[in-house]
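This structure is a prediction, so every number in the text was calculated from the model and none was measured. Start at 1 with the first residue, then count along the sequence.
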Amino acid sequence: MEVNPPKQEHLLALKVMRLTKPTLFTNIPVTCEEKDLPGDLFNQLMRDDPSTVNGAEILMLGEMLTLPQNFGNIFLGETFSSYISVHNDSNQVVKDILVKADLQTSSQRLNLSASNAAVAELKPDCCIDDVIHHEVKEIGTHILVCAVSYTTQGGEKMYFRKFFKFQVLKPLDVKTKFYNAETDEVFLEAQIQNITTSPMFMEKVSLEPSIMYNVAELNSVSQAGECVTTFGSRAYLQPMDTRQYLYCLKPKKEFAEKAGIIKGVTVIGKLDIVWKTNLGERGRLQTSQLQRMAPGYGDVRLSLEAIPDTVNLEEPFHITCKITNCSSERTMDLVLEMCNTNSIHWCGISGRQLGKLHPSSSLCLALTLLSSVQGLQVRYLFSIWGLLTSGHLLFPFFSSDKLPMNETLHRYLSLNRVSPA
């Protein structure tokens, strides 16, 4: 009959504690009016309570701090900190002590120990302390593995380890939408929702663009010469609240002239989000590279580069158009045809040759028009016939003999691909 030998007692004890910020102590104020039966008894007890604030005893928050009572929640992007202590509980001197801390995730195993060198000896009632830090970059189950090896006075090598499992939760829900403008600009709308149970202070939400774009944040307005955020003076995001951020990306000058390159760009950049929670605990989250659906321009593209906000009735005004050959192989021979309407008239020669437009190149046209009717005008104005395609340009403007030239105007531009006869 076999008997299992008793489990051997180790000379060293391992203690692991997570390091987090304390919380403000809260109490439940109990008060009454002086004409009630208790009189001033409850109020006096609250004034004598050391945890209350002098002069504001009825507030739930006090002046004291409370240490964490449990492990708590760990969120993606936060820094996990832990205190590891190895104590010699015996009356012997222990030698060659090696403490190792590893963090096992679903995809990798990380060594968090500050030093891998062994301690020569550890006397009775002495301890070895270490603090480890790790920025959490994965969600799901994490296991902290703490291993201790040492040698007894008798020369026996001992080894033991402990496992501490915890879950890493998702703090934010990030949704993105892309809007492709006709001017090669890309507008990004980012919706950020706080899915934790506590408020967040949004310290920074920025977009790091790809190498081909410059970015402009559209989350502030100018008031009295100062830049004021559109979210107001409070940057807190309450639990389950959502905030929308808007960015405008413009192609860099060296890439804007290369229509074929910009046309196929799908990688836009990534969001960098920084927040703070309880007593300033900091978290940071970076998204993966954001990708958009590449817009389809066809083989030729017609865009409006310049147009006045308002024009005077029966006075010539100038516009500038840009024609781009988006194909990578075909050269186009272009012809300009001008089409007058009841309210819009051209000043120039119709049916003239514009010459050849090589692949991935552009041509700018300065044109002159005349308006004979007041009000907002949206008209089909002219067509540019090429070897394979034609583009139709539509745009609105105000025609008035009274409105100022700096009147705000929204321009509309569209392209229609037409097969040649």
Please tell me if the side chains of Tyr247 and Leu218 come closer than 4.5 Å, counting only heavy atoms from C-beta onward.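 SC-SC contact between Tyr247 and Leu218 ruled out.
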Going by heavy atoms in the side chains, are Lys276 and Glu203 under 4.5 Å from each other?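 Yes - at least one pair of side-chain heavy atoms lies under 4.5 Å apart.
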Exercise: identify the closest heavy-atom pair between Phe317 and Pro308: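 Smallest heavy-atom distance, with atoms named: CD1-CG, 4.0 Å.
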Find out whether the Lys NZ or Arg CZ of Arg243 is both under 6.0 angstrom from the six-membered ring centre of Phe231 and within 45° of the ring's axis.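 Yes; both conditions hold, so Arg243 lies above the ring face of Phe231.
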Are any side-chain N or O atoms of Thr141 and backbone N or O atoms of Gln167, one a donor and one an acceptor, separated by less than 3.5 Å?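 Here the side-chain-to-backbone pair does not exist.
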Does either side chain, that of Glu281 or that of Thr20, offer a donor lying less than 3.5 Å from an acceptor on the other one?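 Side-chain D/A pair, Glu281 to Thr20: absent.
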Within a strict 4.5 Å, meaning less than it, do heavy atoms of the Gln153 and Val93 side chains meet?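 When only atoms from C-beta onward are counted, Val93 and Gln153 do touch, with a gap below 4.5 Å.
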Locate the shortest heavy-atom distance separating Cys127 from Leu122; write the atom from each residue and the value.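 Nearest pair, atom of Cys127 first, then Leu122: N-CD1, 3.8 Å.
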Nearest atoms (heavy-atom pairs only) where Ala190 meets Leu271: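 Smallest heavy-atom distance, with atoms named: CB-CD1, 3.8 Å.
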Does a side-chain heavy-atom distance below 4.5 Å link Arg18 with Phe80?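 Answer yes - side chains close enough.
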Grab the two heavy atoms, one from Trp275 and one from Gly77, that are nearest each other, plus how far apart they are.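 That would be CH2-CA, 4.4 Å.
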Quick one, Phe75 and Val136 - any side-chain contact, counting heavy atoms below 4.5 Å?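 They are not in contact (no side-chain heavy atoms under 4.5 Å apart), so the answer is no.
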Please report the closest heavy-atom contact between Leu110 and His134, naming both atoms and the distance.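 It is CD1-CE1, 3.2 Å.
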Checking Leu290 against Leu188 for the side chain to side chain contact (heavy atoms under 4.5 Å, CB included) test, could you report, in this order, the C-alpha distance in whole Å, the side-chain angles of both residues, the deciding distance, and whether it holds? CA-CA 10 Å; Leu290 303 176; Leu188 169 63; 3.8 Å; yes
Give a yes or no on whether the backbone of Lys123 and the side-chain of Asn88 come within a donor-acceptor separation of less than 3.5 Å.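 Indeed, once roles are kept as given, a pair shorter than 3.5 Å links the two residues.
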With a 3.5 Å distance limit and no angle check, can you tell me whether Lys252 reaches the backbone of Ile211 through a side-chain donor-acceptor pair?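 A pair under 3.5 Å: yes.
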Dump the intermediate steps for side chain to side chain contact (heavy atoms under 4.5 Å, CB included) on Thr277 and Phe201, then the final yes or no. CA-CA 6 Å; Thr277 54; Phe201 174 78; over 6 Å; no
Short side-chain to backbone donor-acceptor contact, Gln286 and Asp272, under 3.5 Å: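 Pair absent, no side-chain N/O of Gln286 close to backbone of Asp272.
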Tyr179 and Glu189 side chains, donor-acceptor separation under 3.5 Å: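 Tyr179 and Glu189 do have a side-chain donor-acceptor pair below 3.5 Å.
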Please identify each residue that fulfils side chain to side chain contact (heavy atoms under 4.5 Å, CB included) with Leu14, with sequence neighbours left out.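 Residues passing side chain to side chain contact (heavy atoms under 4.5 Å, CB included) with Leu14: Val16, Ile84, Val86, Cys146, Val148, Phe160, Lys162.
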When you compare the side chains of His133 and Thr79, does any donor N or O come within less than 3.5 Å of an acceptor on the partner?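 There is no such pair between these side chains.
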Does a salt bridge link Lys95 with Glu121, judged by any charged N lying under 4.0 Å from a carboxylate O?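 Result for this pair is no, no salt bridge flagged.
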Thr105 side chain to Gln108 main-chain N or O, any donor-acceptor pair under 3.5 Å?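 Yes; judged by distance alone, with no hydrogens or angles, the pair exists.
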Would you tell me whether Thr331 and Asp333 have side-chain atoms, one donor and one acceptor, within less than 3.5 Å of each other?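 Looking only at side-chain atoms, Asp333 and Thr331 do not form any donor-acceptor pair under 3.5 Å.
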Report the C-alpha separation of Asp102 and Leu112 in whole Å, then their side-chain angles, then the decisive distance to 0.1 Å, and conclude whether the side chain to side chain contact (heavy atoms under 4.5 Å, CB included) test is met. CA-CA 6 Å; Asp102 293 339; Leu112 305 184; over 6 Å; no
Side chain proximity check, Glu217 to Leu207, heavy atoms < 4.5 angstrom: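 Answer no - side chains too far apart.
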Under a 4.5 Å cut-off applied to non-hydrogen side-chain atoms, are Ile273 and Lys204 in contact?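 In short, these two side chains do not touch, never coming nearer than 4.5 Å.
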Answer yes or no: is there a side-chain heavy-atom contact under 4.5 Å between Thr196 and Leu172?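 Side chain of Thr196 against side chain of Leu172, heavy atoms only: no contact under 4.5 Å found.
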Ignoring hydrogens and angles, tell me if any N or O in the side chain of Asn194 forms a donor-acceptor pair with the backbone of Leu237 under 3.5 Å.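 Answer holds: yes.
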Indicate whether the side chain of Thr230 and that of Asn219 have a donor and an acceptor atom separated by less than 3.5 Å.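 Their side chains do not contain a donor-acceptor pair, so the 3.5 Å distance test is not met.
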Is it true that the side chains of Tyr150 and Asp96 contain a donor and an acceptor less than 3.5 Å apart?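 Short answer, no.
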Roughly how far apart are Ile97 CD1 and Ser149 OG, rounded to 0.5 Å?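 So the CD1 of Ile97 and the OG of Ser149 are separated by 9.0 Å.
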Under a 3.5 Å cutoff, is there a donor and acceptor pairing between the side chains of Thr152 and Gln92?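 Distance-only check fails for Thr152 and Gln92.
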Indicate yes or no for a side-chain donor-acceptor contact from Ser113 to the backbone of Ala101 under 3.5 Å, with no hydrogens or angles considered.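 Yes, the answer is positive, given that a donor and an acceptor are paired below the 3.5 Å cut-off.
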Restricting to non-hydrogen atoms, name the atom on Val145 and the atom on Arg161 that form the minimum distance, rounded to 0.1 Å.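 Here Val145 and Arg161 meet closest at CG1-CD, 4.3 Å.
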Is there a side chain to side chain contact (heavy atoms under 4.5 Å, CB included) between Met17 and Ser82? Walk through the geometry before answering. CA-CA 6 Å; Met17 182 178 66; Ser82 182; 5.9 Å; no
Tell me whether the count of non-hydrogen atoms from other residues, nucleotides or ligands lying under 6.0 Å of OH in Tyr236 goes above 12.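 Open: at most 12 neighbouring heavy atoms sit under 6.0 Å from OH of Tyr236.
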